[in-house]
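Note that these values count all heavy atoms, side chains included, but never hydrogens, waters or copies made by symmetry. Because the structure is predicted, anything quoted here is derived from the model rather than measured. Quick note on labels: first sequence line is chain A, next is B, and so on, each numbered from 1.
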Amino acid sequence: MTYDFSAIEPKWRKIWEERKAFHVERDESRPKFYCLEMFPYPSGALHMGHLRNYSIGDLTARFLRMNGYNVMYPIGFDSFGMPAENAAIKMKTHPAKWTMRNIDHMIEQLKSMGCGYDWRRVVKTCLPEYYRWSQWFFLQMYKRGLAYRKHAPVNWCGTCGTVLANEQVIGDGVCWRCETPVVKKGLEQWFLRITDYAQELLDYLDQLSGWPERVLTMQRNWIGRSEGVRFNIAIADADLSIEAFTTRIDTIFGITFVAIAAEHPIVKTLADRMTPEKRDAALDFASRMSARSAIERTAVGGDKMGMDTGFEAVNPVNGARIPIWIADYILMDYGTGAIMGVPAHDQRDFDFVRKYGLGIIPVVRAPGEPIPDPGDMTSAADADGVACNSGRFDGMPTPEAIEKIGEWFERESWGKRETQYRLRDWLISRQRYWGTPIPVVYCDKCGIVPVPEEDLPVELPLDATIPPNGGNALLDCADWINTTCPKCGGHARRETDTMDTFICSSWYFFRYLSPGSNDAPFTPEDSKYWMPVDLYIGGIEHACLHLIYARFFTKVLSDLGITEPTLREPFKGLLTQGMVIKDGAKMSKSLGNVVDPDEIIKRYGADTARLFILFASPPDKSLDWSDKGVEGAHRFLSRVYRLVEDNLPSLASAERLRTPMSEITGGESRDIKRLIHSTIDRVTRDIKDERQLNTAVARLMELCNGLLSFAPPDKTGHALFREGVESLLLCLSPFCPHICEELWEMIGNEGLLARAPWPSVDKDALAVDSVTVVLQINGKLREQFSVPPGLAKDELIGRVMAEDAVKRRLDGFEVVKVIAVPDKLVNIVVKGK
RNA sequence: GCCGGGAUGGCGGAAUUGGUAGACGCACGGGACUUAAAAUCCUGUGGACGCAAGUCCGUGCGGGUUCAAUUCCCGCUCUCGGCACCA
């Protein structure tokens, strides 16, 4: 018989299922571990990235289960979203049908991988039993003012036919899904007040020691905190003022213009006070500027465009009159949409005045240097220095000037020191059908009315037909839209926008914990026992999307009293797996370099696929797919199989499971005992502490090689051989569970390996009988000697110096210094001949 | 521009606190088995010189610290990723 994975793998999956090997319940008597994977979108089939994600997850879950932890390891499907609608149009079917069929197929695929999920806990976010609670959370937030509706310039993707949250606009301003350039549109939409949590989201990053530094940095950048002063600038000869925000209030004496965003409301006010020709020109300029896509607006080194309004502003500190311009480089959605222009110390302002011939006033100089001549300046000087041209602040270093002038502004009530964030409130409305309906109606009389909790869920009508042009199918559901107002009973219309699917994924990890719960999204007991997630595994692409939203949701749930007040963060540990690469590029359909997991599993088995993936590179680095490497992994498993099959009589003859080191005499036997236990030791540490799964596999290969070349010399030898084989199977089982179960059974063990305890390390067996020390001369390796371990420095030096080879080498040299490192080396420093 | 990774044989990747660079695997060379091939097993494999013993060079580049540097410090180059007219 050879290694027949196609018979072995289904056999053990069936047994695991029958024996409910992976069912899990709360158990206060054992430490818990919550191992979570980013759940897949049911696109139709798993790709290699999924296989990698879930191989890492299942290994972790199995390892910890064997180590005595009560392990929560669930899976589900993020099953609302655009692709289902697109597929529905293309395949002339319904998104629900397409989605549910895909889920069924992907469940089969996940099972074929051998992942030990608790299948009773599967979450499908497109089912009313799930999304009713998303709606319920929305209502709780609405009640507390955390969900609100406002008119705002929003990001619109023409291809997807919907608005997007800021986080979903990526790169140079394109849609995260279809990469269409996004345009700004003024619309009334629903938002969640995530900015209320900006500071906490930032502060708690410091506590997330189990997260990769890159992700923490990305989130810090995204939240983008900056401290400055918000202040009023009066408009001359008008009872109007403009608010500006600056982080460099110390440069206030250097203002030579004020610039406002094209979308700024004051543009219209000012235009109304202009001559008709001037007015038309201004409004035309403003609308041309604001209509441009993010790509055009932020083109690197883009020429700045501006227009003088003819109005003047008054510098609060000295009464200087300065022109007010509309400028395209001012963003309406950051700060106040208006800035004080200080060309001497801001490169953008500098570029602007050079183009339009406005003045430059230097107000910071390098210490000990004269005030620069504006005419000589070739760029803005944004470095710190000391104040100049700034009245009584002259000579003050920049940080102090920022402090003192800020205080002065507050004292004079000109403005206030303030912290700004780049983070924007989360726009959750989507003009799409296949999503969670927003539980709100618009009453002719009462306006916005939330749907009462007892009327939840607001079910998505499943009899809708997706319009072939990709529009929102809900708009055609007149029966569904027209309803009665829960408040006055009059006519009302349902909200036809659905929620961003990132809402669904913001709390699914709570739902896993209480799958049957009908009167609450999850039970407090379950949440208290299982949360937080101990290890979350997924792609880094969610660093500023899902991972921020889920943190926000967790904080809100905690504040609403739905979870423990102390549960402020959902994910204690985060492992961002690397990409799967083939031929130097990320696997993608367009490049034609995809490898189908199904085919690999069919051809080599799931154990081989998993082993290769875990062996080829560390989990957080990118993985180079190699067909040859897969064959290598398969070859190894065949060798493991043969190791057992060819030695069944020897294995059966073993009389004891563990032989103490003190009873082992032969050198080879002592070596194999040592190899067994150093392997267990290393593999355990590699998995637990280092997450170095690739080196753990390497150790197991070494153990296998060692056992293959070990010929048991006696009875003790046979016992040791069995000890080695059992250790190998136990340690290998989280990587390749099926073959290990099979071999475990073959050597006569009862009970599931999946439930067996992890082998312990026999510390006595780690002690070595001799060590190799090297001789260095002037730091260069020269000789090697075998000596007993634990020799003191002097003893070691004495022994090495006595060697003939060493004497020969030192002949004619003067020994300057001798360094000894016990059990490692002796380095002799010598001087010329 | 700012922030964060990374650079080690032909390839993927290893190297506790500075202490034998290249574990493990792939690929390749030689051999065994075979009529032959595949599979399997044994064996070699960083580069240069050498019959050999051995010597020299070698972890992106240039310096430095040290008896000793892939590892620590200073200065660069290249590369991947994130953010960016963010006031």
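- For the pair S226(A) and rA87(B), the criterion of a side-chain N or O lying under 4.0 Å from OP1 or OP2 is met.
- Rounded to an integer number of Å, the gap from D627(A) CG to rA27(B) P is 11 Å.
- Separating the C1' atom of rC73(B) from that of rU66(B) is a span of 12 Å, rounded to the nearest Å.
- Within 4.0 Å (heavy atoms only), P618(A) reaches sugar-phosphate atoms of the nucleic acid but no base atom.
- Base pairing of rA32(B): its partner is rU40(B), meeting the Watson-Crick or G-U wobble criterion (both donor-acceptor distances under 3.5 Å).
- Residue contacts for R422(A): at a heavy-atom cut-off of 4.0 Å it reaches a base atom on one of the strands shown.
- Considering only the side chain of K824(A), rG19(B) comes nearest among rC83(B), rG19(B), rG13(B).
- Closest approach of T336(A) and F245(A) over heavy atoms only: OG1-N, 3.7 Å.
- Rounded to whole Å, atom P of rC67(B) lies 18 Å from atom CG of L775(A).
- Put simply, the side chain of D349(A) gets close to the backbone of V342(A): a donor and an acceptor are under 3.5 Å apart.
- Across all strands shown, rG54(B) is found opposite rC49(B) as a Watson-Crick or G-U wobble partner, with both distances under 3.5 Å.
- Base-pair partner of rG6(B): rC78(B) (Watson-Crick or G-U wobble, both distances under 3.5 Å).
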For this session: Could you give me the CA-CA distance, side-chain angles and deciding distance for S6(A) and D4(A), then say whether side chain to side chain donor-acceptor pair (under 3.5 Å) is met?
Result: CA-CA 5 Å; S6(A) 60; D4(A) 180 10; 2.7 Å; yes
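- Using atom P as the reference point in both rU45(B) and rA52(B), the two lie 13 Å apart (nearest Å).
- Within the 4.0 angstrom heavy-atom criterion, no nucleotide atom of any strand lies near G224(A).
- Two residues, M701(A) and R685(A), neighbour RNA chain B, and the one matched to the more 5' nucleotide by heavy-atom proximity is R685(A).
- Among the nucleotides rA23(B), rG19(B), rA87(B), the one closest to any side-chain atom of I819(A) is rG19(B).
- Map R639(A) and S622(A) each onto its nearest nucleotide of RNA chain B; the residue landing nearer the 5' end is S622(A).
- rG9(B) adopts a syn glycosidic conformation, its chi angle falling within 90° of 0.
- Nucleic acid contact for T217(A): sugar-phosphate only, since backbone atoms but no base atoms lie under 4.0 Å from a heavy atom of the residue.
- Here the separation of rG10(B) from rG46(B), taken at their C1' atoms, is 10 Å to the nearest Å.
- Ring centroids of F352(A) and W325(A) are separated by less than 6.0 Å, placing the two rings close together.
- For the residue pair Q199(A) / R225(A), a side-chain donor-acceptor distance below 3.5 Å is found, with atom types taken as modelled.
- Base pairing analysis places rC83(B) opposite rG1(B); the two distances defining the Watson-Crick or G-U wobble pair are each below 3.5 Å.
- Regarding contacts with the backbone of rU40(B), every side-chain N or O of R642(A) stays at 4.0 angstrom or more from both OP1 and OP2.
- Between the C1' atoms of rC2(B) and rC72(B), the separation comes to 26 Å (whole Å).
- For the pair W625(A) CH2 and rG13(B) P, the computed distance is 14 Å after rounding to whole Å.
- Across all strands, R782(A) comes closer than 4.0 Å only to sugar-phosphate atoms, never to a base (heavy-atom distances).
- Here N705(A) lies in heavy-atom contact (under 4.0 Å) with sugar-phosphate atoms only.
- Within the structure, every side-chain polar atom (N or O) of R699(A) is placed at least 4.0 Å from both OP1 and OP2 of rA14(B).
- The interatomic distance linking E541(A) (CD) with rG5(B) (C1') rounds to 17 Å, in whole Å.
- Judged purely by distance below 3.5 Å, without hydrogens or angles, the side chains of E167(A) and W222(A) pair a donor atom with an acceptor atom.
- Closest to the side chain of E213(A), out of rA87(B), rG4(B), rU20(B), is rG4(B).
- In this structure, the CD1 atom of I613(A) is 15 Å from the P atom of rG13(B), given to the nearest Å.
- Atoms CG (L216(A)) and P (rC83(B)) sit 16 Å apart, rounded to a whole Å.
- Close placement of the W414(A) and F409(A) rings is indicated, their centers lying within 6.0 Å of each other.
- Note: CG (D382(A)) to P (rG1(B)) measures 12 Å, nearest angstrom.
- The phosphate of rC86(B) has OP1 or OP2 within less than 4.0 Å of a side-chain N or O from R348(A).
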For this session: Could you walk me through whether S55(A) and Q577(A) pass the side chain to side chain contact (heavy atoms under 4.5 Å, CB included) test, one step at a time?
Result: CA-CA 11 Å; S55(A) 295; Q577(A) 106 227 22; over 6 Å; no
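- The side chain of Q692(A) places no N or O atom within less than 4.0 Å of a non-bridging phosphate oxygen (OP1 or OP2) of rG13(B).
- Between the D823(A) side chain and the G790(A) main chain, a donor and an acceptor come within less than 3.5 Å of each other.
- Across all strands shown, rC67(B) is found opposite rG19(B) as a Watson-Crick or G-U wobble partner, with both distances under 3.5 Å.
- Taking the C1' atom of each, rG12(B) and rG75(B) are spaced 32 Å apart, rounded to whole Å.
- At a cut-off of 3.5 angstrom, the base of rC83(B) holds no donor-acceptor pair with the side chain of N221(A).
- Side-chain proximity of N827(A) to the nucleotides rC86(B), rC67(B), rA14(B) is greatest for rC67(B).
- Phosphate proximity of rC57(B) to K780(A): present, with a side-chain N or O under 4.0 Å from OP1 or OP2.
- Side-chain nitrogen and oxygen atoms of R220(A) include none within less than 4.0 Å of the OP1 or OP2 phosphate oxygen of rG4(B).
- Using a 4.0 Å heavy-atom distance criterion, Q776(A) is classed as a base contact.
- Residue side chain K817(A) does not reach the base of rC67(B) through any donor-acceptor N/O pair under 3.5 Å, judged by distance alone.
- In this structure, I828(A) places its CD1 atom 16 Å from P of rC67(B), rounding to the nearest Å.
- Note on R809(A): only backbone sugar-phosphate atoms sit closer than 4.0 angstrom, heavy atoms only; bases stay farther off.
- Taking atom C1' on both rG13(B) and rA23(B), the two are 10 Å apart, rounded to the nearest angstrom.
- At a threshold of 4.0 angstrom between heavy atoms, the contacts of V821(A) include nucleobase atoms, whether or not backbone atoms are also involved.
- Here, rC51(B) and rU59(B) have their P atoms 28 Å apart, quoted to the whole Å.
- Taking atom P in both rG4(B) and rU17(B), the straight-line distance is 23 Å, to the nearest Å.
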